[in-house]
Amino acid sequence: MGIGNNMTRVDAKDKVTGNARYTADLEPKGLLVAKVVHSTIANGVVKSFDLKEALAVPGVVKIVTCFDVPDIQFPTPGHPWSVETAHQDIADRKLLNTRVRVYGDDIAAVIAEDEIAAARAARKVKVEYEEYEPLLTVEAAMAEGAARLHDEKPGNVIAHSAFKVGEGTYEEAVKEEGLVVIDKDYRTQSVQHCHIETPVSFAYMENDRIIVTTSTQIPHIVRRVISQALGLPMGRIRVIKPYIGGGFGNKQDVLYEPLNAFLTTQVGGRGVRLELSREETLGCTRVRHAIELKVKAAARKDGTLVARKLEAYSNQGGYASHAHAIVANSSNEFKQIYRDEKVLESDAYTVYTNITTGGAMRGYGIPQAAFAAECMADDLALALHMDPLEFRKKNCMQAGYEDPHTHVKCNSYGLEACMEKGREFIRWDEKRKEYENQTGPVRKGIGMAIFCYKTGVYPISLETAACRMILNQDGSMQLQMGATEIGQGADTVFTQMAAEVTGITEDKVNIMSTQDTDVTPFDTGAYASRQTYVSGMAVKKTGAVLKEKILDYGAYMLGRPQDTLDIEANYVVDQETRQQLLSMEELATTAFYSLDRSVHITAEATSHCKINTFATGVCFAEVEVDMPLGKVKVTNIVNVHDSGTLINPKLAAAQVHGGMSMGLGYGLSEQLLFDAKGRPLNDNLLDYKLPTSMDTPDLNALFVELDDPTGPFGNKALGEPPAIPVAPAVRNAVLHATGVAVDSLPLDPQKMVEHFKVAGLI
């Protein structure tokens, strides 16, 4: 019972049998259908519409344009709101936009009786634009005289942040004689989340309130943003989140729920459904930011890292979304994972451009930083003729590390143990020697990459979560969480936690997977690998309150002191002898129906988390490189994670496997491409190259379990970390195999062939 066991997922049966109900499964009959009309330019202004042909399509009910929506700019990212104006998210878009800033921008919406009519009418909407030259790169957007994309941000720079750790400057530090120095640009690309369920919602009105059922990671934040976007009191908005078919951060943005909420008000409160196609999802929602990281680094010949300098430029796309938080997180990772003897200098910029908007995606800026930091580590090790693993052990984050700016501490430390465990599994020393001095067109190599990742968002943002437990008449429990199950297994681990704290067994814990902002306790949602840590604290706190109340009633029934009692396996027991004294069912039934003392035993508690900790780990990858074909085949790979106590080991391994798969796609094949006009070129799953099962090797997950003193059950982050180190580990394995350093992602065949030609290998 409780944590540490391989409990079967509580949602497993319903999901594999098709009984689990997602947003589309809950749609009532008679819904109208909305289709968004997207711009066919990337930069400009909508001057006028001709709706005559579109309105003539049979079944069209109404067409709403950018000239019809409230003149309210609102923010979309799923961050906790700040009561301090300076810390609030950037409000830079409207429900529909007159000022076009991305190809596919939302400029109008058709409401019709059915899908076919809505789609036909959307195609017949005619638009007149004033078109400007698209600014697709950071360089173009920051250039002198570049058009301003948002009036509030001259120069198109959303934010610039800088910090220094240590004394002096990088330039002063590298004057030391005998240093090995590298100066490189590392570049990462735009990729999309590709969750199975595309964004979908339906909205209707009831008693002058708007009810929105939606596939989201952040129901309570969606409610707040709808309120802001429509200029309505929050009490008039209700958001329901059922089962969700994946999000990975894309649904940590409030994408189309505010528009859908507005559309229902335009048709008298009739129900309106709004679902995006796969093409719209790829091209019009959010992507992982493309970031250029310019790195200078200097080390002594004994491998000591002396100084580093980072300039990072994040391509934000048309709207702020999560904005500077991403590249700021990148620069923090660059700072935290390695130690500089003298100084580290960092400058980070987030820049508006006219490509698809960047938002949250699994890892939140850390995969980009890890690519730069881990390529740097191998490039330095190569220049030093030093084993890359030994270079990392000499310079990596150490036990007890505390970030000098955020003051997040390494409260438990397993990074070096992870490296040693992976070293043994992959046979690192043997393979590094075996693959030296290869010849021929096909060569093998082995590489690695390390990472650190904080757990949740404190102290940058608020961390708060609530939980509710209700004792039923039969002695079972209802468990309600504001935290959201998005496929990662949260409901299962919350069930295990509740059982651990209360003594009521898992089979008697009925967790409610649906969140409803009218009744569900508040939680900011699923992101930042926070839920088992932050929301888990709320479960632990609430469970203790419920247990206290149960034991208080048990003491009344048994006529003995409460401090002599405990709960074990659904019985009130003697604390010393563990003798069963009273079944939970008998206690609960009496509590409900007693003529002397009727008590409805419930508990609800809020946990305001004001602590954080680091999870760490490593990926080792072995590759076979066919140089004439430019083909990189991963033949063996392992992630080793330091994530504290594992609540459910099988679920933990599954989480790692999923993250590794995403990391392989990021490293080898995925990239959202744009033409010169900013139009996405491969916004479909035929041309956007996701890895399939045929492209994926056996995925190995290992753990170093150390109890973290800050975690509610010794646990810390695991949701996002598995996706972080894979791409740089593969890149470094290719470097070992061929001697060729590829400094941008993905490592696709065309790029590899070009690099091998330059190196004279083919």
Side-chain angles (χ1 to χ4, degrees), residues 31-41 43-76 91-115 117-131 150-151 199 201-205 208-212 214 222 225-233 236-237 254-276 280 284-285 318-319 357:
L31 288 178
L32 297 172
V33 175
K35 282 287 182 187
V36 177
V37 178
H38 299 285
S39 69
T40 54
I41 65 169
N43 192 11
V45 177
V46 176
K47 304 300 288 182
S48 65
F49 290 94
D50 180 351
L51 304 178
K52 191 179 299 182
E53 287 185 34
L55 286 168
V57 173
V60 171
V61 175
K62 187 162 188 172
I63 299 177
V64 177
T65 75
C66 53
F67 303 122
D68 304 320
V69 299
D71 187 19
I72 300 172
Q73 294 204 148
F74 62 94
T76 65
D92 68 346
R93 62 158 296 134
K94 298 180 183 179
L95 294 170
L96 297 166
N97 297 303
T98 304
R99 176 66 170 92
V100 171
R101 300 178 177 96
V102 294
Y103 189 99
D105 212 340
D106 310 328
I107 58 173
V110 176
I111 309 170
E113 296 287 351
D114 57 53
E115 190 95 14
R120 282 177 176 169
R123 288 195 295 269
K124 291 180 180 291
V125 172
K126 296 178 181 177
V127 190
E128 180 189 354
Y129 301 101
E130 180 180 324
E131 188 172 0
H150 292 265
D151 289 340
S201 63
F202 63 88
Y204 60 93
M205 294 187 71
D208 204 33
R209 298 180 75 218
I210 301 170
I211 295 91
V212 181
T214 180
V222 169
V225 174
I226 292 174
S227 165
Q228 291 171 310
L230 273 61
L232 294 174
R236 286 185 57 193
I237 313 295
V254 186
L255 297 167
Y256 284 90
E257 294 91 347
L259 176 60
N260 203 6
F262 176 73
L263 294 179
T264 186
T265 69
Q266 301 302 292
V267 290
R270 284 186 66 182
V272 179
R273 82 181 299 269
L274 177 55
E275 181 173 7
L276 269 62
E280 288 175 295
C284 305
T285 57
Y319 295 95
T357 299

Side chains of [X] and [Y] in contact at under 4.5 Å (non-hydrogen atoms):
X	Y	value
T285	L276	yes
L263	L32	no
Y103	I41	no
P75	D92	no

Nearest heavy atoms of [X] and [Y], plus distance in Å:
X	Y	result
V64	L96	O-CD1, 3.7 Å
A91	Q73	O-NE2, 3.1 Å
A118	K35	CB-CG, 3.6 Å
V46	N97	CG2-O, 4.2 Å
I63	D68	O-OD2, 4.1 Å
I226	A261	CG2-CB, 3.7 Å

For R120, salt bridge (charged side-chain N to carboxylate O under 4.0 Å, His left out) partners two or more places apart: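 R120 satisfies salt bridge (charged side-chain N to carboxylate O under 4.0 Å, His left out) with no residue once adjacent residues are dropped.
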Any side-chain to backbone donor/acceptor pair from [X] onto [Y]? Under 3.5 Å, distance only.
X	Y	result
S39	I107	no
T357	Y319	yes
Y129	T40	yes

Cut-off 3.5 Å, no hydrogens considered: what does the side-chain donor-acceptor table look like for residues 51-58, sequence neighbours left out?
{"unit_1": "E53", "atom_1": "OE2", "unit_2": "K126", "atom_2": "NZ", "d": "2.8"}

Distance-only donor-acceptor check, side chains H150 and R99, under 3.5 Å: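 On atom types as modelled, these side chains do not qualify, holding no pair under 3.5 Å.
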Between S201 and E257, a side-chain donor and acceptor under 3.5 Å: no
Trace of the side-chain contact (heavy atoms from CB on, under 4.5 Å) decision for V100 with V45: CA-CA 6 Å; V100 171; V45 177; over 6 Å; no
Salt bridge (charged side-chain N to carboxylate O under 4.0 Å, His left out) pairs, two or more places apart, involving residues 105-114: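 Residue pairs with at least one partner in residues 105-114: R93-D106, E113-R270.
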Hey, could you give me the [atom1]/[atom2] distance between [X] and [Y], rounded to the nearest 0.5 Å?
X	Y	atom1	atom2	value
T264	L31	OG1	CG	9.5 Å
T214	L255	OG1	CG	8.0 Å
M205	I210	CE	CD1	5.0 Å
T265	F262	OG1	CZ	5.0 Å

Test log, rule side-chain contact (heavy atoms from CB on, under 4.5 Å), inputs F202 and L274: CA-CA 6 Å; F202 63 88; L274 177 55; over 6 Å; no
Qualifying residues under ring-ring contact (aromatic ring centres under 6.0 Å, His included), relative to H38, sequence neighbours excluded: none
Residue pairs, two or more places apart or on separate chains, that pass ring pair (Phe, Tyr, Trp, His ring centres under 6.0 Å) and touch residues 52-75: F49-F67
K94, NZ: over 12 other non-hydrogen atoms inside 6.0 angstrom: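 Yes - once you tally the heavy atoms of other residues, nucleotides and ligands closer than 6.0 Å, there are more than 12.
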Residues in side chain to side chain contact (heavy atoms under 4.5 Å, CB included) contact with E275, at least two apart in sequence or another chain: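 E275: side chain to side chain contact (heavy atoms under 4.5 Å, CB included) contacts with T198, V200, R273.
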Working for side-chain contact (heavy atoms from CB on, under 4.5 Å), residues V272 and N260: CA-CA 7 Å; V272 179; N260 203 6; 3.5 Å; yes
